Amino acid sequence: MTAPVFVVEHFEAGSGGRYVLDGPEGRHAVSVKRLNPGEDVVLTDGAGRWAECVVVATEGKDRLIVQMDSYSEEPAEEPRITVVQALPKGDRGEVAVETMTETGVDAIVPWAASRCITQWKGDRGLKALAKWRATAREAGKQSRRVRFPEVADAATTKQVAALLASADFAVVLHEDTEVGTEPFVTAALPASGEIVLVVGPEGGISPEEIELFTGAGAKTCHLGRTVLRTSTAGTVATALLMARTGRWS
């Protein structure tokens with residue numbers, strides 16, 4: 001079992017390399033995980049910087065004192081994988097974010113597709129976005145990542161098209177094999193740069209959106225013979241990319 005991960009904002013240790021983890025993360029370490037002296041932990045800022053530490057002591061219910069001699073930085077993975085995720089109903093958005101994070105996606109872009117039943121507006125939209133970001137953070141910790149995925153602001157269809165146009169490889173996952181899609185599992189992939197995947201809503205991507213995205217340079221691909229839910233497709237596609245690009249090797 002690898003060491004548990006906790007999020008910090010800085011890595012400035014005190015005299016002798018002692019670092020105090022407090023606040024909500026410290027409380028989780030002391031009162032929930034019940035860590036003891038001698039156990040290993042990893043501290044990270046979620047942006048690639050991390051430090052392997054050893055627990056020295058605990059104070060009260062929310063202060064963990066660790067020995068931290070230095071920290072390292074994990075380089076960004078290549079190729080970078082971004083999933084544009086259409087807004088699902090209910091809590092399926094958080095499920096998609098959680099499993100894509102565990103799989104290794106680098107960025108997630110919420111997308112208000114024309115056929116989305118769920119719409120992010122006003123305070124409701126801000127709360128939903130905050131939930132997605134909190135889910136990515138917690139899933140990043142759970143899966144022992146030190147570079148958590150970025151969750152962008154919700155994008156319009158035109159903004160998604162611009163993102164696709166700038167990608168090194170752009171693909172729209174589309175279940176209709178009669179519109180000229182190719183198997184995603186055999187699509188030619190770049191060894192580096194940016195890969196952008198678009199996952200549509202339960203009602204499918206509209207013909208107008210397909211036309212706009214392919215006009216921006218995206219391919220249309222299908223994952224297999226079965227139709228996956230919108231909360232599942234991005235995770236499956238990311239897993240295929242991880243295996244095919246060697247990021248899981």
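What you see is a predicted model; the values in this text were computed from it and never measured.
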**Request:** Answer yes or no: are there more than 12 heavy-atom neighbours, outside Glu52 itself, under 6.0 Å from its atom CD?
**Result:** no
**Message:** Atom CG of residue position Leu126 - does it have more than 12 heavy atoms of other residues, nucleotides or ligands inside 6.0 Å?
**Reply:**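 It does: Leu126 CG has more than 12 such atoms within range.
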Throw together a table of side-chain donor-acceptor distances under 3.5 angstrom for residues 79-98, partners on residues two or more places apart or in other chains.
residue: Arg80; atom: NE; partner: Glu194; partner atom: OE1; Å: 3.2
residue: Arg80; atom: NH2; partner: Glu150; partner atom: OE1; Å: 3.3
residue: Thr82; atom: OG1; partner: Glu194; partner atom: OE2; Å: 2.5
residue: Gln85; atom: NE2; partner: Thr230; partner atom: O; Å: 3.3
residue: Gln85; atom: NE2; partner: Thr230; partner atom: OG1; Å: 2.8
residue: Arg92; atom: NH1; partner: Ser231; partner atom: OG; Å: 3.3

Within-4.5 Å side-chain heavy-atom neighbours: [X] and [Y]:
| X | Y | value |
| --- | --- | --- |
| Pro110 | Leu129 | yes |
| Phe6 | Leu35 | yes |
| Asp62 | Asp22 | no |
| Cys53 | Tyr19 | no |
| His174 | Cys221 | no |
| Arg247 | Asp106 | yes |
| Leu21 | Val41 | no |
| Ser114 | Glu209 | yes |

When hydrophobic residues are tied together by side-chain contacts of less than 4.5 Å, even through go-betweens, does [X] share a cluster with [Y]?
| X | Y | result |
| --- | --- | --- |
| Val54 | Leu43 | no |
| Leu189 | Val171 | yes |
| Met242 | Ile195 | yes |
| Leu173 | Leu240 | yes |
| Met100 | Val146 | no |

**Counterpart residues, salt bridge (Lys or Arg N to Asp or Glu O under 4.0 Å), relative to Glu39 (two or more places apart)** =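 Per chain and number, Glu39 pairs via salt bridge (Lys or Arg N to Asp or Glu O under 4.0 Å) with no residue.
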**Item:** Derivation of the side chain to side chain contact (heavy atoms under 4.5 Å, CB included) call for Val55 and Asn36
**Value:** CA-CA 7 Å; Val55 177; Asn36 296 306; over 6 Å; no
**Pairs satisfying salt bridge (Lys or Arg N to Asp or Glu O under 4.0 Å), at least one member in residues 110-137, at least two apart** = Glu25-Arg137, Arg133-Asp153
**Fill in**
Contacts satisfying salt bridge (Lys or Arg N to Asp or Glu O under 4.0 Å) that involve residues 9-19 (not counting sequence neighbours) are none
Spatial distance of atom [atom1] ([X]) from atom [atom2] ([Y]) [nearest 0.5 Å]:
| X | Y | atom1 | atom2 | value |
| --- | --- | --- | --- | --- |
| Glu74 | Arg49 | CD | CZ | 13.0 Å |
| Ile205 | Leu212 | CD1 | CG | 11.5 Å |
| Arg27 | Leu64 | CZ | CG | 13.0 Å |
| Thr135 | Phe148 | OG1 | CZ | 12.5 Å |
| Leu241 | Leu197 | CG | CG | 5.5 Å |
| Arg144 | Thr44 | CZ | OG1 | 12.5 Å |

Give the minimum heavy-atom separation between [X] and [Y], together with the two atoms involved.
| X | Y | result |
| --- | --- | --- |
| Ala155 | Val109 | CB-CG1, 3.6 Å |
| Ala136 | Val151 | CB-CG2, 3.8 Å |
| Thr101 | Ser143 | O-OG, 4.2 Å |
| Thr238 | Gly234 | OG1-O, 2.7 Å |
| Phe169 | Ala187 | CZ-CB, 4.0 Å |
| Leu223 | Ala233 | CD1-O, 3.8 Å |

**Message:** With side chain to side chain contact (heavy atoms under 4.5 Å, CB included) as the criterion, how do Val172 and Ile210 come out once you've worked through the C-alpha distance, each side chain's angles and the decisive distance to 0.1 Å?
**Reply:** CA-CA 8 Å; Val172 178; Ile210 290 289; 3.8 Å; yes
**Item:** Audit row: Lys219, Phe184, side chain to side chain contact (heavy atoms under 4.5 Å, CB included) steps and yes/no
**Value:** CA-CA 10 Å; Lys219 297 176 178 291; Phe184 182 67; over 6 Å; no
**Request:** Would you mind listing every ring-ring contact (aromatic ring centres under 6.0 Å, His included) that reaches into residues 88-117, with sequence neighbours excluded?
**Result:** Trp111-Phe213
**Request:** Write out all pairs satisfying ring-ring contact (aromatic ring centres under 6.0 Å, His included) with one or both partners inside residues 33-85, taking only residues at least two apart or from two chains.
**Result:** Phe11-Tyr71
**Item:** Donor-acceptor contact present, side-chain Ser31 to main-chain His28, <3.5 Å
**Value:**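 Side chain of Ser31 to backbone of His28: no pair is present.
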**Item:** Donor-acceptor contact present, side-chain Arg147 to main-chain Ala47, <3.5 Å
**Value:** yes
